[in-house]
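Note that the structure is predicted; figures quoted are calculated from it, not measured. Nothing fancy with the numbering, it's 1 onward along the sequence.
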Amino acid sequence: MYLFTQENTNTMTLNIRQIEGEDILLRYNDIKEEFDKALEHSSGEWTAAQITSKAVSDPHLFQIWEIQKGNHWIGIASTRVMYYNNFVALHIITLGGSNMYDDMPELITEFERMVKEYENIDVLEFTGRRGFIKQLNTVGWKERYTTMRKSLKENIDV
């Protein structure tokens with residue numbers, strides 16, 4: 001289990017924690033509820049059951065994350081490692097929860113910081129609601145089609 005913590009400007013602690021193995025199964029109902037809300041904005045590529053199954057059976061490629069602010073969880077996210085010909089991306093499949101919009105720049109900046117610790121990940125990638133574009137643009141993300149990307153390495157321009 002990984003836990004990353006940042007004090008934000010509102011003096012509330014922002015925590016991002018990976019949910020793994022049996023904990024995914026124990027929390028499946030809560031995870032499914034949040035994934036289903038996020039997946040309403042997708043084109044049917046995934047279901048909540050498929051994502052959670054992959055996170056349990058293949059955790060090196062699929063991950064589930066809990067986001068907390070202070071003592072309250074505010075969101076759940078899922079990621080997938082994507083191997084492209086010229087770089088490796090950590091793709092954010094889903095990101096959903098309550099009251100996250102205002103914290104999106106701090107949240108995504110903290111997530112970038114923690115992902116940079118993994119040398120094999122070159123790029124963060126997010127395909128999601130257009131409403132997140134405004135928030136992610138403020139911290140250096142670029143819209144690409146309906147996918148936004150941000151390089152974590154100086155020598156890769158996406």
Side-chain angles (χ1 to χ4, degrees), residues 1-8 12-84 87-133 135-136 139 141 146-152 158:
M1 176 183 318
Y2 304 97
L3 176 66
F4 296 88
T5 304
Q6 174 189 14
E7 289 289 327
N8 71 17
M12 293 288 282
T13 303
L14 184 64
N15 297 311
I16 302 171
R17 180 182 73 89
Q18 186 175 353
I19 305 171
E20 297 179 291
E22 186 177 311
D23 288 340
I24 293 171
L25 300 175
L26 293 172
R27 298 197 44 206
Y28 178 74
N29 289 336
D30 292 332
I31 292 169
K32 181 184 182 316
E33 182 178 338
E34 292 304 322
F35 283 0
D36 284 345
K37 289 177 192 174
L39 291 168
E40 287 176 7
H41 304 278
S42 73
S43 297
E45 299 88 351
W46 293 100
T47 66
Q50 291 166 333
I51 294 169
T52 53
S53 174
K54 289 286 192 178
V56 171
S57 67
D58 200 356
H60 296 293
L61 289 182
F62 290 81
Q63 304 80 33
I64 298 177
W65 307 89
E66 176 182 54
I67 302 133
Q68 290 184 317
K69 184 176 181 182
N71 294 326
H72 301 91
W73 77 272
I74 61 170
I76 297 282
S78 62
T79 55
R80 176 184 184 187
V81 177
M82 303 286 294
Y83 292 92
Y84 294 98
F87 59 90
V88 177
L90 185 63
H91 182 90
I92 301 168
I93 303 170
T94 60
L95 178 59
S98 59
N99 302 316
M100 280 190 338
Y101 187 79
D102 291 339
D103 294 306
M104 184 62 70
E106 291 84 10
L107 166 65
I108 204 69
T109 299
E110 179 60 16
F111 194 64
E112 290 170 23
R113 185 194 67 73
M114 66 177 249
V115 172
K116 282 182 181 180
E117 294 180 16
Y118 300 94
E119 290 184 24
N120 64 322
I121 302 294
D122 302 308
V123 172
L124 273 175
E125 182 175 80
F126 179 68
T127 302
R129 298 186 341 208
R130 293 190 59 82
F132 286 137
I133 292 171
Q135 291 291 355
L136 295 179
V139 290
W141 286 64
T146 56
T147 298
M148 296 187 69
R149 285 190 180 141
K150 184 169 184 184
S151 178
L152 300 176
V158 293

Residue pair Val123, Val88: steps toward the side-chain contact (heavy atoms from CB on, under 4.5 Å) verdict: CA-CA 6 Å; Val123 172; Val88 177; over 6 Å; no
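- In terms of the side chain to side chain contact (heavy atoms under 4.5 Å, CB included) criterion, residue partners of Glu34 (sequence neighbours excluded) are, by chain and number, Lys37, Trp73, Ile76.
- Remark: Pro105 engages Gln135, Thr138, Val139 in a side chain to side chain contact (heavy atoms under 4.5 Å, CB included) (not counting sequence neighbours).
- Partners of Thr94 under the side chain to side chain donor-acceptor pair (under 3.5 Å) rule, at least two apart in sequence or in another chain, are Ser78.
- Remark: side-chain polar atoms of Asn15 are not paired, donor with acceptor, to backbone N or O of Gln68 under 3.5 angstrom.
- With sequence neighbours excluded, no residue forms a ring-ring contact (aromatic ring centres under 6.0 Å, His included) with Phe35.
- Residues satisfying the side chain to side chain donor-acceptor pair (under 3.5 Å) test with Ser53, not counting sequence neighbours, are none.
- Residues Val81 and Leu90 come closest through the heavy atom pair CG2-CD1, 3.9 Å.
- Annotation: salt bridge (Lys or Arg N to Asp or Glu O under 4.0 Å) contacts involving residues 50-68, sequence neighbours excluded, comprise Arg17-Glu66, Arg27-Glu66.
- With sequence neighbours left out, the side chain to side chain donor-acceptor pair (under 3.5 Å) criterion links Tyr84 to Glu125.
- Under the side chain to side chain donor-acceptor pair (under 3.5 Å) criterion, Glu112 pairs with Trp141, Lys150, not counting sequence neighbours.
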Evaluation steps, side-chain contact (heavy atoms from CB on, under 4.5 Å), between Val115 and Leu152: CA-CA 8 Å; Val115 172; Leu152 300 176; 3.5 Å; yes
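- Scored by the side chain to side chain contact (heavy atoms under 4.5 Å, CB included) test, Glu45 finds Ser42, Ser43 as partners (sequence neighbours excluded).
- Judged as a side chain to side chain contact (heavy atoms under 4.5 Å, CB included), and not counting sequence neighbours, the contacts of Gln50 are Trp46, Thr47.
- Test Leu14, Ile67, Leu95, Thr79 against Phe111 for side chain to side chain contact (heavy atoms under 4.5 Å, CB included) and you get one pass: Thr79.
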